[in-house]
Amino acid sequence: MTTKQITPLTDSFGRVHDYLRISLTERCNLRCVYCMPEEGIVLRPKSHFMKTEEVLGLAKAFVNLGVKKIRLTGGEPLVRNDAKEIIEGLSKLNVSLAISTNGILVDKFLDTFKSCNLRSINISLDSLNEEKFNAVTRRNDFTKIRSNIDLLLNEGFHLKLNAVIMKGVNDHEILDFIEFTKDKNVHYRFIEFMPFNGNKWDWSKGLSFKEIMEKVENVYGDAVNKLKDDKNDTAKAFQITGYKGTFAVISSVTNPFCDTCNRLRLTADGKIKNCLFSQSETDLLTAFRAGEDITNLIRESVWHKKAVRGGMNTFEDLSNPELNQQNRNMISIGG
Ligand code: SAM
Ligand code: SF4
């Protein structure tokens with residue numbers, strides 16, 4: 001028997017794409033200030049979005065083209081009524097499964113995660129202080145999320161916590177986040193505040209990789225150890241000597257990591273985005289519904305991926321609202 005040879009999903013710069021992030025919904029049970037526009041977003045009819053079998057069908061097309069890892073995201077992926085069915089369906093494809101969630105509903109999905117071998121979970125935890133966390137998320141779910149984080153740790157999941165670092169909001173908590181890694185097997189990631197449609201981005205509110213590391217090194221000095229990053233890692237990872245957990249900084253604003261990018265995105269309305277910052281998208285769902293072969297649409301989209309941040313090569317480009325506001329809002333991309 002001969003094995004079918006798959007030509008990898010390669011762009012014009014030779015980057016191979018084998019990681020797909022699928023956004024399951026634009027809805028969310030939180031309203032994080034850096035993600036969801038204050039006025040909310042216009043909710044469209046259900047027919048605009050992928051149904052269960054369409055998520056699975058489109059995912060399969062990507063897997064047939066060499067995708068090896070799928071991460072579910074959103075909005076909040078677990079608010080979809082068919083989230084369990086989708087996870088179960090994806091677990092039958094030959095991929096490594098992961099999810100980014102705000103953690104509120106995690107306890108209800110524990111058995112599904114286990115039975116589907118979904119062991120890698122990212123949860124946003126922008127503050128360890130209840131009042132502050134609830135202010136950032138404009139809701140009151142801190143206690144629930146904290147207890148779900150403990151649940152996942154006790155169950156031995158591979159857990160990453162994400163915090164978007166913002167001046168005057170949580171920058172004074174960086175050392176607390178690091179202390180959180182002292183006796184927990186957790187990876188805390190500090191994300192530079194990125195511009196998306198409607199999030200009132202202003203870099204004076206953000207903290208750079210350099211500023212974050214200065215705060216850490218001033219206190220921990222030689223105890224800060226640089227860890228080896230994997231080839232496609234978006235974060236630079238560190239560990240404090242003797243600490244069980246690790247931490248990292250994702251520096252998409254001041255030091256992008258585009259040269260090793262292997263990521264593609266499928267939005268909840270079935271569009272492929274070849275970059276988090278891409279301004280153009282290709283509609284796969286309409287073609288899929290019409291029974292067309294979407295392989296070439298996917299290959300074309302990947303081939304045309306820009307070298308850096310959807311064409312925003314410099315910090316000045318990224319800061320330019322005429323460019324950065326042409327993208328979607330984050331809640332409808334999925335991070
Ligand atoms: N609801 C899930 C969650 O909160 O993790 C998944 C979707 S959320 C859009 C995915 C990630 O994007 C989160 O870690 C969030 O912190 C991050 N994110 C959202 N807006 C951002 C921004 N403006 N800059 C940097 N990261 C952002
Ligand atoms: Fe919802 Fe996640 Fe965006 Fe917060 S970051 S509003 S939890 S999608």
Side-chain angles (χ1 to χ4, degrees), residues 21-41 43 70-80 83 98-106 109 120-127 133-142 144-145 148-149 152 159-167 169-171 177 186-203 205-209 212 234-235 248-257 263 265-268 273 276-277 309 312 318-319 321 324-325 327-335:
R21 301 174 64 101
I22 305 180
S23 170
L24 291 186
T25 176
E26 298 181 352
R27 288 178 297 126
C28 189
N29 39 2
L30 293 182
R31 294 285 180 277
C32 303
V33 290
Y34 49 73
C35 178
M36 176 77 103
E38 201 167 7
E39 63 281 10
I41 60 161
L43 293 176
I70 293 180
R71 173 177 296 280
L72 297 176
T73 177
E76 173 48 40
L78 297 179
V79 299
R80 253 184 91 134
I99 192 164
S100 291
T101 167
N102 58 32
I104 297 176
L105 296 168
V106 151
F109 283 85
S120 174
I121 302 186
N122 291 5
I123 294 187
S124 298
L125 191 63
D126 293 297
S127 175
F133 180 87
N134 288 341
V136 171
T137 56
R138 304 186 183 115
R139 291 291 184 272
N140 294 308
D141 294 290
F142 178 81
K144 179 77 196 160
I145 294 168
N148 274 343
I149 286 173
L152 290 173
L159 188 63
K160 293 183 192 163
L161 300 177
N162 290 331
V164 178
I165 305 296
M166 296 177 75
K167 266 188 202 122
V169 176
N170 57 0
D171 57 333
F177 295 141
V186 74
H187 184 60
Y188 227 125
R189 305 191 310 170
F190 310 140
I191 311 179
E192 287 182 350
F193 178 37
M194 299 183 249
F196 294 97
N197 193 287
N199 76 350
K200 300 200 176 130
W201 184 82
D202 167 358
W203 185 234
K205 294 183 197 163
L207 236 73
S208 67
F209 168 78
I212 293 171
T234 54
V249 186
I250 301 184
S251 56
S252 314
V253 175
T254 63
N255 197 355
F257 32 78
R263 293 163 172 69
R265 293 175 163 79
L266 179 62
T267 60
K273 273 179 86 69
L276 175 60
F277 295 100
R309 284 186 306 222
M312 294 183 282
L318 185 73
S319 311
N324 68 37
Q325 294 299 300
N327 195 358
R328 294 175 174 231
N329 43 57
M330 179 56 124
I331 190 102
S332 64
I333 304 175

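Counting convention: from 1, in listed order, for ligands and their atoms alike.
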Looking at [X], which atoms of ligand 1 are within less than 4.0 Å of one of its heavy atoms?
{"X": "Val164", "value": "16 (O), 25 (C), 26 (N), 27 (C)"}
{"X": "Gly74", "value": "7 (C), 9 (C)"}
{"X": "Cys35", "value": "9 (C), 19 (C), 20 (N)"}
{"X": "Ser124", "value": "3 (C), 4 (O), 5 (O), 13 (C), 14 (O), 15 (C), 16 (O)"}
{"X": "Ile191", "value": "25 (C), 26 (N)"}

Using modelled atom types only, decide if a donor and an acceptor are shared between the side chain of [X] and the backbone of [Y] within a distance under 3.5 Å.
{"X": "Tyr188", "Y": "Leu125", "value": "yes"}
{"X": "Asn327", "Y": "Leu276", "value": "yes"}
{"X": "Arg309", "Y": "Val253", "value": "yes"}
{"X": "Arg71", "Y": "Ile99", "value": "yes"}
{"X": "Asn199", "Y": "Pro195", "value": "no"}
{"X": "Glu76", "Y": "Thr101", "value": "no"}
{"X": "Asn170", "Y": "Ser127", "value": "no"}
{"X": "Glu192", "Y": "Phe209", "value": "yes"}
{"X": "Arg31", "Y": "Arg138", "value": "no"}
{"X": "Lys205", "Y": "Phe193", "value": "no"}

Please state which protein non-hydrogen atom is closest to [atom] and give its distance, to 0.1 Å?
{"atom": "atom 18 (N) of ligand 1", "answer": "Met330 CE, 3.6 Å"}
{"atom": "atom 24 (N) of ligand 1", "answer": "Met194 N, 3.0 Å"}
{"atom": "atom 21 (C) of ligand 1", "answer": "Tyr34 CD1, 3.5 Å"}
{"atom": "atom 3 (Fe) of ligand 2", "answer": "Cys35 SG, 2.4 Å"}
{"atom": "atom 11 (C) of ligand 1", "answer": "Gly335 CA, 4.4 Å"}
{"atom": "atom 10 (C) of ligand 1", "answer": "Gly334 O, 4.0 Å"}

[X]-ligand 1 polar pair, N/O distance under 3.5 Å:
{"X": "Asn199", "result": "yes"}
{"X": "Thr73", "result": "no"}
{"X": "Asn162", "result": "yes"}
{"X": "Cys28", "result": "no"}
{"X": "Gly75", "result": "yes"}
{"X": "Ser100", "result": "no"}

Considering the heavy atoms of Gly75, write down every atom of ligand 2 situated less than 4.0 Å from one of them.
8 (S)
Atoms of ligand 2 close to Asn102 [distance to a heavy atom under 4.0 angstrom, numbered from 1]:
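Contacts of ligand 2 toward Asn102, numbered from 1: 7 (S).
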Measure the [atom1]-[atom2] distance between [X] and [Y] for me, rounded to the nearest 0.5 Å.
{"X": "Leu318", "Y": "Trp201", "atom1": "CG", "atom2": "CH2", "answer": "5.0 Å"}
{"X": "Phe177", "Y": "Asp126", "atom1": "CZ", "atom2": "CG", "answer": "7.0 Å"}
{"X": "Asn102", "Y": "Lys144", "atom1": "CG", "atom2": "NZ", "answer": "11.5 Å"}

Min heavy-atom dist Glu192 to ligand 1 below 4.0 Å
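Heavy atoms of Glu192 do come under 4.0 Å of ligand 1.
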Proximity flag Thr101 to ligand 1, non-hydrogen atoms under 4.0 Å
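Yes, Thr101 has a heavy atom closer than 4.0 Å to ligand 1.
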Look at the N, O or S atoms of Cys32, main chain and side chain alike, and state whether any lies under 2.8 Å from atom 4 (Fe) of ligand 2.
yes
Tell me whether the centres of the aromatic rings in Phe196 and Phe277 are closer together than 6.0 Å.
yes
Could you see which bit of Ile331 sits under 4.0 Å from ligand 2, with heavy atoms only: side chain, backbone, both or neither?
side chain
Side-chain donor-acceptor pair present, Arg328, Asn197, cut-off under 3.5 Å:
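Not at all, the side chains of Arg328 and Asn197 share no donor-acceptor pair under 3.5 Å.
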N/O/S atom of Cys28 inside 2.8 Å of atom 3 (Fe) of ligand 2, strictly under:
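It does not; every qualifying atom lies at 2.8 Å or beyond.
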Just to be sure I read this right, does ligand 1 sit under 4.0 Å from the backbone of Trp201, its side chain, both, or neither, counting only heavy atoms?
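Neither part.
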Examine ligand 2 and decide if any of its atoms is less than 4.0 Å from a heavy atom belonging to Ser124.
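Ser124: no contact with ligand 2 (<4.0 Å).
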